[in-house]
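Report on the following structure.
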Amino acid sequence: MAGDIFDTPKDSLTVPKVNIPTMFRLGFFQMGLSMMSILTLGVLNRVMIQEIAIPATIVAIVLAIPAFVSPTRILFGQISDAKPLLGYHRTAYVWIGAAIFAIAAFLAVQVIWQLNAISGDSWVWTTQAIAWTGVLGLVFAIYGLAICVSGTAFAALLVDISEEDNRSQVVGIVWSMLMVGIIVGAIVSSSLLKQLDGNAPLETLQSAINRLFLIVPSVVFLFSIISTVGVEKKYSRFYQRSTPGNREDSISLGAAWSILTASPQTGLFFTFLLVMTISLFMQDPILEPYAGEVFKMPLAESTKLNVFYGTGILIAYGVTGFFIVPRIGKRKTIKLGCILVAFSALLLGFSGFSGNANFLKFGLVIFGLSTGFVTTGAVSLMLDLTVAEAAGTFIGAWGLAQSISRGIAVVIGGTVLDIGRNLFTNNLVLAYGMVFVLEALGMIISLWFLNRVNVTEFQTNTKQALASVLESDLD
């Protein structure tokens, strides 16, 4: 989506280099996105599964819909490249997308209350239940599309304003703010829900959740404006071009696809990302219900669990990037991370037998550290498996693997929980434990694919394919 703007002579563009304060300001948008993620996967999953007793499989499918619409990111990226909106290629798309997903999040909660009203004490598939479930799925699809519009335009803006010598700073600061958003979102959500306990009446629950879904999305929309206002006009080289059409890639989409599929290594790494990411996020839809049903945590306390997870990731990002990867290499870092994730997933499962919430929180810190190790190594290796001349296509493929697999992970997590409840009707620890054990197995399986990824073979195959494409263009 970013095109070949980095090939433009620097002296032909009269734009200043983006400064550190602006990088942090941009990070507020990513911080807002992660806060929205906390609302959907950290609050709504528990409300639907435990408080309303909607089957976990249905909840997981609905919550995964935003991930399943992620292929539209490619389309929205091309639209923002070609069609300026309100005079901007990025900013207006970011704002409009943010406004839509903020409204959609609040509407989703109202649909959930309708489902609760018709379900009574137990879930039954009535005509009304089917209809309102369909409406909820539609609202989450709109929410996901809006995230794609806003997030894709924002990512393209980061490319537009960065150069080779400061791109790592831009990405590093913005990515760190993403993790800060997880912690802040968990704390804010917990604070707004702190008056609730496990026996809170439905009216109190509805009032607190409605207030939460009014305040946080409004703040996130405000973040989207504050973080991007004036940035594109001042720092974007794409915005300064008199002929934006020149930004189109010199390599066509068809040719880029040929380069992408030239090496079997692409498929191997895509599969590794798929299995690894599915295994990494399988606990997403069931963690808060696990805390509520097994550890008897109130809603506010279970929402705050993301603080422990996010803290572990933030620590791991700094340690891994500066100390571990430079010393042991990317591949060994990924292997270490996969093994640690498998261990910490089992630790989360075994913590249920103790019934001690502190044991669960400790396990989440370890899980966050492990996640930081594996993701840092995987992103570093991903850049090695990307050809600069078709970077958009390759990054799009890797991003698609991660988005789709995260949606699949949510569905698997909820489905396995339902299966576990049917198998272990009197033991919730074993029912939830099935999800954590499957996570651990998945991480070990992903190592099998990683061991077959060969960077040298990939680079040889893709360079040959690139040379062939360029030769055909000259003929």
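Counting begins at 1 with the first residue of the sequence.
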Q) Met48 and Leu63: side-chain contact (heavy atoms from CB on, under 4.5 Å), yes or no, with the steps? A) CA-CA 11 Å; Met48 287 191 283; Leu63 293 179; 4.0 Å; yes

Q: I would like to know whether Met297 and Leu305 meet side-chain contact (heavy atoms from CB on, under 4.5 Å); could you show each step before the answer?
A: CA-CA 10 Å; Met297 289 186 184; Leu305 290 175; 4.0 Å; yes

**Q.** side-chain contact (heavy atoms from CB on, under 4.5 Å) assessment of Lys233 paired with Thr91
**A.** CA-CA 9 Å; Lys233 186 175 183 179; Thr91 308; over 6 Å; no

Q: Start with the C-alpha gap between Glu301 and Lys361, add the side-chain angles, then the distance that decides, and say whether salt bridge (charged side-chain N to carboxylate O under 4.0 Å, His left out) holds.
A: CA-CA 11 Å; Glu301 189 177 353; Lys361 294 171 184 177; 3.5 Å; yes

Q: Go through Ile20 and Met23 one step at a time and tell me if the side-chain contact (heavy atoms from CB on, under 4.5 Å) criterion holds.
A: CA-CA 5 Å; Ile20 298 294; Met23 294 181 196; 3.8 Å; yes

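Judged purely by atom type and a 3.5 angstrom limit, Asp418 uses its side chain to pair as donor or acceptor with the backbone of Thr57. Counting only distance, with no hydrogens or angles, the side chain of Thr277 and the backbone of Leu274 share no donor-acceptor pair below 3.5 Å. Listed for the Arg25 side chain is a donor-acceptor partner under 3.5 Å among the backbone atoms of Val229. In this structure a side-chain-to-backbone donor-acceptor pair under 3.5 Å is present from Glu232 to Arg90. The main-chain N or O of Ser351 is found under 3.5 Å from a side-chain atom of Ser354 such that the two form a donor-acceptor pair. In this structure, the side chain of Ser279 engages the main chain of Val275 through a donor-acceptor pair within 3.5 Å. A donor-acceptor pair under 3.5 Å is absent between the side-chain atoms of Ser446 and the main chain of Met276, judged by distance alone. Judged purely by atom type and a 3.5 angstrom limit, Tyr93 has no side-chain atom pairing as donor or acceptor with the backbone of Pro84.
With values rounded to the nearest 0.5 angstrom, Ile225 atom CD1 is found 11.5 Å from Phe29 atom CZ. Separating the CG atom in Leu369 from the CG atom in Leu364 is a distance of 11.0 Å, to the nearest 0.5 Å. We find the CZ-CD1 distance between Phe221 and Ile226 to be 10.5 Å, quoted to the nearest 0.5 Å. Here Phe367 contributes atom CZ and Leu360 contributes atom CG; the two are 11.5 Å apart, rounded to the nearest 0.5 Å. Note that CG of Leu273 is 11.0 Å distant from CG of Leu280, once rounded to the nearest 0.5 Å. Here the CZ-CG distance, from Phe154 to Leu157, works out to 6.5 Å after rounding to the nearest 0.5 Å.
Between Leu450 and Leu447 there is a side-chain heavy-atom pair separated by less than 4.5 Å.
Salt bridge absent: Glu288 and Lys304 never bring a charged side-chain N and a carboxylate O closer than 4.0 Å.
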Contacts table for residues 429-443: side-chain donor-acceptor under 3.5 angstrom, sequence neighbours left out:
unit_1: Tyr432; atom_1: OH; unit_2: Pro289; atom_2: O; d: 3.4
unit_1: Tyr432; atom_1: OH; unit_2: Glu293; atom_2: OE1; d: 2.4
unit_1: Tyr432; atom_1: OH; unit_2: Arg421; atom_2: NH2; d: 3.4
unit_1: Glu439; atom_1: OE2; unit_2: Met282; atom_2: N; d: 3.3
unit_1: Glu439; atom_1: OE2; unit_2: Gln283; atom_2: N; d: 3.2

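For Phe28 and Phe223, the ring centers sit closer than 6.0 Å to each other.
Using the six-membered ring where Trp is involved, Phe353 and Phe350 have ring planes that are tilted, between 30° and 60° apart.
In this structure, Phe68 places its CZ atom where more than 12 heavy-atom neighbours from other residues, nucleotides or ligands lie under 6.0 Å away. Environment of CZ in Phe343: sparse, with no more than 12 heavy atoms of neighbouring residues, nucleotides or ligands closer than 6.0 Å.
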